[in-house]
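A short write-up of the structure that comes next.
Position 1 is the first residue of the sequence, and the numbers go up from there.
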Amino acid sequence: MNVNCSLWQENSLSVKRFAFAKFSEVPGECFLLFTLILFMFLASLTGNTLIALAICTSPALHTPMYFFLANLSLLEIGYTCSVIPKMLQSLVTEARGISREGCATQMFFFIFFGITECCLLAAMAFDRYMAICSPLHYATRMSRGVCAHLAMVSWGMGCIVGLGQTNFIFSLDFCGPCEIDHFFCDLPPLLALACGDTSHNEAAIFVAAVLCIFSPFLLIISSYVRILVAVLVMPSPEGRHKALSTCSSHLLVVTLFYGSTSATYLRPKASHSPGMDKLLALFYTAVTSMLNPIIYSLRNKEVKTALRKTLGLRKS
């Protein structure tokens, strides 16, 4: 069902509100989606909060690998909170509208957390590379100062790209209809509503995607190729198993996150479809955020031990 832009503003130069498209005209389907997404949202918040608390309260986990994991958990909390609450509201109420300022704010935080996660995953891969391929120099090359700088660069890149892309998009005029064919203020659906030539904006999105998604991904692949080479020449089977087990969780998270985001932002414009874009967006905003705590806790004895202690303290 299209929302008539003239209900809010007739002048495209002063559009003040947008509206998200309905998921379905069938109430039962909306309620089912609401229940499923709410479950994933609560599971993501609970899992990521517990992991962050466990790492902060356990001195045994005050190492570079878990420092980055705590940052990742905080990122996932912000990432889901920037998108999912408004989506849940749209599923069960008719309040599907969002102001221009609210849309810009949501877009900034979505890009901010997303780009930061791309950079942070690359920093985590570099940490594993240093730990396995250069263990004698690991303590000095991955000191607290270095880890803090890598985290600050990741958060800083997210902020810069978020501000730049949001400002670039909302400097455009929007002609209507003002219904965003998506469940949050993402870049491609908003560009589809813009007046005039948007080729410069599309080019800016592609360049940002290459620099902030594809480039970190290449760094991750390069790190893991070197890790694999180092692991294959290890004389001890136990050493190989330990090295691979510490990397497998991170590699699975990278595959889930980069696979879905690359399919969204690095595909040619002609191959985009609203249905597929929504499915991919739901995957990397809700599903991966829910799975990350499970992946890291199930395959890591230290995290599981810290989680048990944290839960024990909370119960006592």
Side-chain angles (χ1 to χ4, degrees), residues 2-3 5-6 8-21 79 82-83 86-87 96-119 154-218 257-258 260-285:
N2 288 331
V3 178
C5 185
S6 62
W8 293 307
Q9 296 288 338
E10 294 183 359
N11 184 358
S12 66
L13 299 180
S14 57
V15 168
K16 298 298 181 185
R17 290 190 69 82
F18 299 96
F20 298 115
Y79 200 47
S82 68
V83 173
K86 184 63 179 176
M87 185 201 313
R96 296 180 291 112
I98 186 171
S99 67
R100 187 185 180 106
E101 294 77 14
C103 191
T105 302
Q106 186 186 61
M107 177 179 286
F108 164 73
F109 281 109
F110 170 73
I111 298 173
F112 168 53
F113 290 120
I115 296 299
T116 303
E117 182 162 349
C118 290
C119 298
S154 299
W155 289 90
M157 281 294 295
C159 185
I160 292 170
V161 176
L163 286 172
Q165 289 290 340
T166 304
N167 182 66
F168 204 21
I169 290 292
F170 282 90
S171 65
L172 296 170
D173 300 323
F174 297 96
C175 303
C178 286
E179 185 178 75
I180 301 172
D181 195 6
H182 210 34
F183 55 80
F184 67 95
C185 293
D186 200 4
L187 295 165
L190 270 174
L191 273 183
L193 303 180
C195 306
D197 182 21
T198 60
S199 58
H200 291 90
N201 299 83
E202 292 167 9
I205 293 172
F206 183 78
V207 169
V210 169
L211 291 177
C212 301
I213 298 177
F214 190 64
S215 297
F217 183 68
L218 285 180
F257 181 77
Y258 273 96
S260 53
T261 53
S262 298
T264 300
Y265 297 105
L266 292 176
R267 278 188 301 156
K269 183 181 178 182
S271 66
H272 280 261
S273 67
M276 180 58 68
D277 288 347
K278 289 177 187 177
L279 183 62
L280 289 169
L282 182 63
F283 189 82
Y284 61 73
T285 55

From Gln106 atom CD to Glu101 atom CD, the distance as rounded to the nearest 0.5 Å: 13.5 Å
From CA spacing to verdict: ring-ring contact (aromatic ring centres under 6.0 Å, His included), Phe174, Phe18: CA-CA 10 Å; Phe174 297 96; Phe18 299 96; 5.2 Å; yes
Shortest non-hydrogen contact from Thr116 toward Gly158: OG1-CA, 3.4 Å
Cys pair Cys185, Cys103: SG separation below 2.5 Å: yes
Heavy-atom check, side chain of Cys118 versus side chain of Phe257, under 4.5 Å: yes
side-chain contact (heavy atoms from CB on, under 4.5 Å) between Leu218 and Phe214, worked out: CA-CA 6 Å; Leu218 285 180; Phe214 190 64; 3.6 Å; yes
Under 3.5 Å donor-acceptor, Ser171 side chain and Phe168 backbone: yes
Student check: side-chain heavy atoms of Phe109 and Tyr79 closer than 4.5 Å: no
Flag, side chain of Ser215 to backbone of Val210, donor-acceptor distance under 3.5 Å: yes
Side-chain (Ser99) to main-chain (Gly102) donor-acceptor, under 3.5 angstrom: yes
Pairs of donor and acceptor atoms involving the side chains of residues 187-196, under 3.5 Å and at least two apart or interchain, shall be tabulated with distances.
none

Spacing of Thr198 atom OG1 and Leu172 atom CG [to the nearest 0.5 Å]: 7.5 Å
Atom of Ala104, atom of Thr166 and distance for their closest heavy-atom approach: O-CG2, 3.4 Å
Validation row: Phe184, Lys86 side chains within 4.5 angstrom (heavy atoms): no
Side-chain heavy atoms of Arg100 within contact of Phe170, under 4.5 Å: yes
Heavy atoms of other groups near Tyr258 OH, more than 12 under 6.0 Å: yes
Side chain proximity check, Phe110 to Thr285, heavy atoms < 4.5 angstrom: yes
Validation row: Phe217, Ile213 side chains within 4.5 angstrom (heavy atoms): no
Close side-chain approach of Met107 to Ile169, heavy-atom, < 4.5 Å: yes
Phe20 ring center within less than 6.0 Å of Phe183 ring center: no
Minimum heavy-atom distance between Ala208 and Gln165, given as atom pair plus value: CB-NE2, 3.4 Å
Side-chain touch Phe108/Phe113, heavy atoms, less than 4.5 angstrom: no
